[in-house]
2 protein chains.
Amino acid sequence: MEKKKNISMAVIKRLPKYQRYLRELLDKDVDRISSKELSEKIGFTASQIRQDLNCFGDFGQQGYGYNVEDLYKEICNILGLTKKYNTIIIGAGNIGQAIANYTNFQKINFDLVGIFDTNPKLYGLKINDIEINDIDFLGEFIKDKNVDIAIICVPSRCAQEICDIVVKNGIKGVWNFAPVDLLIPKGVIVENVHLSDSLLTLSCLMNGST
Amino acid sequence: MEKKKNISMAVIKRLPKYQRYLRELLDKDVDRISSKELSEKIGFTASQIRQDLNCFGDFGQQGYGYNVEDLYKEICNILGLTKKYNTIIIGAGNIGQAIANYTNFQKINFDLVGIFDTNPKLYGLKINDIEINDIDFLGEFIKDKNVDIAIICVPSRCAQEICDIVVKNGIKGVWNFAPVDLLIPKGVIVENVHLSDSLLTLSCLMNGST
DNA sequence: TAGATTGTTAATCGATTAACAATC
DNA sequence: TAGATTGTTAATCGATTAACAATC
C-alpha cells in the first residue's frame, strides 16, 4: 500500500469524502467503478481522482477501473480506520454531551472511555454509560487507559491548559472544538472543529461582498 | 470598502481567524498592529496578510500599519456580522440540541427562532426558550418569520429532503451538519460541518501513512 | 485483438511568497 | 527628513487538469 510520502493536506482532506462515496457504492452492491464514473458522483475530476489515489498505491486496473470493495478497504486503511481508538471528552457542556451521545463514532472504533469536567455537580452522572469524572484525574486516567484521542470541548480560555495536560500525558491526537488555535509539540496532531469559523464563513458568503 | 470581486475561497476561509485575533487584540486595548506583528501571532506570512486584506480595500497606512479597531470592524462587516440573522434548527437530536443551547451565536446576532423535528414526543418541549415544532409547519414558518439560515441536524437520509424544503421556501443559507453533500440551486450557500470527516482526518494524520 | 481506462508526465492554473516603489 | 510599513507587482511554488503511452 505504501507509495509516496508527503501527501499534501489537500489530498488528505478529500479522503473522507472518497470513503463516504465508496461506502455508498458498496451498500448499493456496485462492484467496480472507473475514475470517470466516480468523478460524476463525487464532483472531483477523473484526473484528480487518479492522482489522489496514486499517492497511496496502484489500486486500479487499466481497462477495468477500480474494484469498489478493495478500494474502500484501502481508503479505510489509509484513514486509520482499521485500528481502535480510546477517546475521552474534556468538557461536558453542550458540545461535549452531544459528542458523547453520538454513537456513530463508536461504530467505527472510536471508543469513548472517559468524560471529564470541572463542575462537581456533574461527577458521577453518566452520559452514554460513561461517568463524568473530576478533571483532576485526567492525567492519571490517560496513562492508565491508554487514551489515544482527547476531544476538547471546554471553553476557549481553558483549552490550551487542558491541551498541555493531555499532551504531557502522552496523547497523540487532539480533536479541538474550542475556537482557539492550540499550540502543540511536533508529533501531536490537532484537528479543529471551529463551529464559529464555519458559521462566519456562511454569513460571509451570504453577504456577497466577496 | 468594495474592491476586488472573486475573492478566492482560500482567503474567505482565513477571514474568521483574522476576526478572532483582532478581537483578542481589541480586548487587550491594542491600538495598532503591523502585518509583521500580526503575522507572528496568527501564523500567516506578513505578505499573505497584506494580500488578503487588500482584496477588500486599503485598510492600512504606510509607515503605521493597521488600526486594530477599524480593521476589526471592516472584517466584521465583510463577514456579514453587522446584520441580524433569523435561524432555525431542523433535527432536535444531539447536535441540534447542542447548537440550540449554545448561546454564543446569539450574541453575534444569529437569532434562533425555531426548532423542528419529526418526533411528536418532542413537540412543545422547549430548548433555550424555543419550542420544538412539527416539521410539517417548516415551510410556512420560514416564510412567516423571514428565516435566513437553516441549520440541518437531521440524519443523512433525510438531509436532502429537508434541504429541498427550506430552499423552496426561500432560505438562502444552509448550515449542514449531516455527513452528506447537499445539492442546492445557484444563489443558495451551503456550509458544511462534517464532523466525521474531521475525525477521519485526525485518525489519518495520526496513522502517518501519509 | 480492440476498447477501455489506468498511471504518470507535462501543461496550466491559482495561491503564496518575495521584493520594492510609494508614502505616511 | 528618515524610518517604517503599506499596497502591489513579479517570482515562486504547489495543486489541478490535460494528455497519452502503457496495459489489462
Give the rounded distance in Å between these two atoms: [atom1] of [X] and [atom2] of [N].
{"X": "A:L38", "N": "C:dT5", "atom1": "CG", "atom2": "C1'", "answer": "14 Å"}
{"X": "B:Q51", "N": "D:dT8", "atom1": "CD", "atom2": "P", "answer": "10 Å"}
{"X": "B:K36", "N": "C:dT17", "atom1": "NZ", "atom2": "P", "answer": "16 Å"}
{"X": "A:Q48", "N": "D:dG14", "atom1": "CD", "atom2": "P", "answer": "17 Å"}
{"X": "A:N67", "N": "C:dT5", "atom1": "CG", "atom2": "P", "answer": "15 Å"}
{"X": "A:I49", "N": "C:dG7", "atom1": "CD1", "atom2": "P", "answer": "12 Å"}
{"X": "B:F44", "N": "C:dT16", "atom1": "CZ", "atom2": "P", "answer": "10 Å"}
{"X": "B:D70", "N": "D:dT6", "atom1": "CG", "atom2": "P", "answer": "15 Å"}

Task: Of A:D52 and A:Y64, the one whose closest DNA chain D nucleotide lies more 5' - done: A:D52
Between [options], which nucleotide has the shortest distance from any of its atoms to the side chain of [X]?
{"X": "B:Q61", "options": "C:dC24, D:dT8, C:dT6", "value": "C:dC24"}
{"X": "A:S34", "options": "D:dT9, C:dT6, D:dA15", "value": "C:dT6"}
{"X": "A:A10", "options": "D:dA15, C:dA15, D:dT9", "value": "D:dA15"}
{"X": "B:N54", "options": "D:dA15, C:dA15, D:dG7", "value": "D:dG7"}

- [ ] Both distances under 3.5 Å, Watson-Crick or G-U wobble: report the partner of D:dT23, or none.
- [x] C:dA4
- [ ] Using both distances under 3.5 Å as the test, list the Watson-Crick or G-U wobble partner of C:dC13, or none.
- [x] D:dG14
Open item on the list: If you take the centroid of each ring, where Trp contributes its six-membered ring, are A:F110 and A:W175 closer together than 6.0 Å?
Closed with: no
Is the distance from OP1 or OP2 of [N] to the nearest side-chain N or O of [X] less than 4.0 Å?
{"X": "B:R50", "N": "D:dT6", "value": "yes"}
{"X": "A:Q62", "N": "D:dA22", "value": "no"}
{"X": "A:R14", "N": "D:dT16", "value": "yes"}
{"X": "A:Y66", "N": "C:dG7", "value": "yes"}
{"X": "B:T45", "N": "C:dT17", "value": "yes"}

- [ ] Give a yes or no answer on whether the side chain of B:D117 reaches the backbone of B:N119 with a donor-acceptor pair at less than 3.5 Å.
- [x] yes
Open item on the list: Tell me the closest heavy-atom pair linking A:C204 and B:L15, and the distance in Å.
Closed with: SG-CD1, 3.9 Å
Open item on the list: Return whichever of A:S47 or A:G63 has its heavy-atom-nearest nucleotide of DNA chain C closer to the 5' end.
Closed with: A:G63
Open item on the list: Between A:D164 and A:K168, does any NZ, NE, NH1 or NH2 come within less than 4.0 Å of an OD or OE carboxylate oxygen?
Closed with: no
Open item on the list: I'd like to know if A:R20 and A:E24 make a salt bridge, using a cut-off of under 4.0 Å between side-chain N and carboxylate O.
Closed with: no
- [ ] May I ask you to test the A:D181-B:Y21 pair for a side-chain heavy-atom distance under 4.5 Å?
- [x] yes
